[in-house]
Amino acid sequence: MPNASSWSASSPLLLLWEDSSGTRIFLSLLYAALAISGTLSNVMVIYLVFSFKKLQTTSNAFIVNGCAADLSVCALWMPQEAVLGLLPPNSSSLRSAEYRLLRGGLLGLGLTVSLASHLLVAFNRYVLITKLPSVYQALYQRRHTGCMIGLSWVLALLLLPLLPGLWAPAAAQQPPPGRQTDGGPRYTALLLALAVLGQTALLLHCYLGIVRRVRGSAKRVSVLNFHLLHQLPFPAAPPPPRRAQRRLSSVSVLLLCCVFLLGTQPLVWVSLLGFFLPPAPPALQAASWLLLCSLSALNPLLYTWRSEEFRPWPSSTSVGSVLPAPLG
């Protein structure tokens with residue numbers, strides 16, 4: 001097992017310099033598989049939404065925003081990691097500071113916007129189901145929706161200068177013996193962990209609020225098949241269609257939340273504990289980062305696998321299906 005000194009800021013983000021060739025090849029193949037599957041699934045969701053007007057709804061606009069961000073990770077960052085993992089540790093490509101900043105920027109931009117899109121989707125569903133239709137219509141006008149999407153990218157770009165030091169593993173940030181450190185990267189990692197923890201708390205609040213509201217209501221609706229409910233069309237809002245009566249899929253909500261927690265919380269707690277205690281083992285740091293990055297490949301499946309919108313024909317068990325009005 002490599003020790004903490006085997007990490008270096010000039011190594012690939014999730015690889016160890018002293019890993020065996022077999023381990024490095026395995027990780028490179030894993031990156032390649034995630035890159036291919038994630039790129040194809042994200043591109044497919046974007047293509048379907050732009051190709052079929054029935055899919056061009058407010059909620060799907062946030063999902064497409066997340067898919068675009070995930071492409072930054074799956075199509076641009078992961079292939080580089082797969083290739084770099086096969087290079088010798090002393091390769092000049094691994095030692096280029098500018099190239100490391102570029103890779104860190106792609107990763108930081110994609111993950112920040114992707115996490116923001118998760119929250120936008122959850123809040124959209126929360127308002128849709130728990131608030132009055134007039135509140136939903138007032139909040140999710142076309143201009144407001146575009147501002148929300150734009151702000152997610154602006155926020156990521158504003159945070160980007162703070163993140164380059166974060167992408168190096170914590171062990172790589174340890175100063176040489178006898179040299180003091182200002183603790184900047186550690187505080188940056190702490191702020192990131194707290195931000196993700198807060199985002200997760202808001203997301204869970206939204207979905208648990210939906211479950212409580214639906215269980216306390218006489219109406220039986222679907223959370224993940226939210227397109228069957230009242231949707232605000234663009235650019236104008238004609239009389240809303242009647243709401244379809246659907247069964248709440250608690251298993252689907254639970255699965256979505258569990259996958260999200262599994263992808264985000266290991267890194268959060270590794271970062272939090274690493275701030276107050278000695279850094280976690282390099283392998284644990286690598287695994288927590290890998291789980292977070294793998295969300296970019298899984299996100300399209302999380303939001304479409306149970307949605308009848310993305311099926312070629314409606315389920316035979318659906319009752320009173322009503323398609324949403326299209327975007328513009």
Side-chain angles (χ1 to χ4, degrees), residues 13-14 62-63 65-74 77 100-101 103-127 147-173 181-209 256-277 279-280 284-299 302-303:
L13 177 63
L14 301 180
F62 296 130
I63 294 177
N65 184 56
C67 290
D70 291 331
L71 282 177
S72 173
V73 178
C74 295
W77 179 79
R100 292 200 308 273
L101 288 176
R103 288 161 46 215
L106 289 173
L107 180 63
L109 182 67
L111 291 180
T112 302
V113 178
S114 180
L115 292 175
S117 298
H118 276 287
L119 187 56
L120 289 173
V121 172
F123 186 70
N124 175 267
R125 297 176 177 183
Y126 177 80
V127 175
C147 288
M148 294 177 190
I149 293 175
L151 284 175
S152 68
W153 289 92
V154 171
L155 176 64
L157 291 174
L158 291 177
L159 293 177
L160 205 55
L162 303 177
L163 300 178
L166 179 63
W167 307 129
Q173 303 162 3
T181 178
D182 59 2
R186 295 176 65 245
Y187 283 103
T188 304
L190 176 65
L191 291 176
L192 173 71
L194 293 176
V196 176
L197 194 61
Q199 183 260 3
T200 303
L202 291 174
L203 183 141
L204 293 178
H205 171 77
C206 290
Y207 281 116
L208 292 178
L256 187 152
C257 293
C258 286
V259 172
F260 184 81
L261 291 175
L262 181 62
T264 59
Q265 295 312 293
L267 178 64
V268 167
W269 292 104
V270 165
S271 299
L272 288 176
L273 295 178
F275 182 81
F276 299 102
L277 302 173
L284 183 58
Q285 298 179 44
S288 64
W289 271 109
L290 188 58
L291 284 173
L292 179 63
C293 297
S294 65
L295 270 181
S296 294
L298 296 176
N299 285 338
L302 288 178
Y303 290 109

Counting C-beta onward and ignoring hydrogens, is there a side-chain heavy-atom pair between V268 and T200 closer than 4.5 Å?
no
To the nearest 0.5 Å, tell me how far Y126 OH sits from H205 NE2.
4.0 Å
Please confirm whether the backbone N or O of I63 pairs with a side-chain atom of S117, one donor and one acceptor, at under 3.5 Å?
no
Closest heavy-atom pair and its distance - C206, A122:
CB-O, 3.7 Å
Heavy-atom closest pair, residues S288 and P266:
CB-C, 3.8 Å
Rounding to 0.5 Å, atoms CG (L197) and CH2 (W269) come to a distance of 5.5 Å
Just verifying a value: how many Å separate L119 CG and S114 OG, rounded to the nearest 0.5 Å?
11.5 Å
Please round to the nearest 0.5 Å and tell me the distance separating atom CZ of F276 and atom CG of L272.
7.0 Å
For the student: nearest non-hydrogen atoms of R103 and W77, plus distance
O-CD1, 3.3 Å
Atom CG in L202, atom NE2 in H118: separation rounded to 0.5 Å?
14.0 Å
Between N299 and L295 (side chain of the first, backbone of the second, donor and acceptor by atom type, cut-off under 3.5 Å), is there such a pair?
yes
Does T112 reach the side chain of W153, with side-chain heavy atoms less than 4.5 Å apart?
no
Minimum-distance pair of heavy atoms, taken over all atoms of S296 and L111:
OG-CD2, 4.0 Å
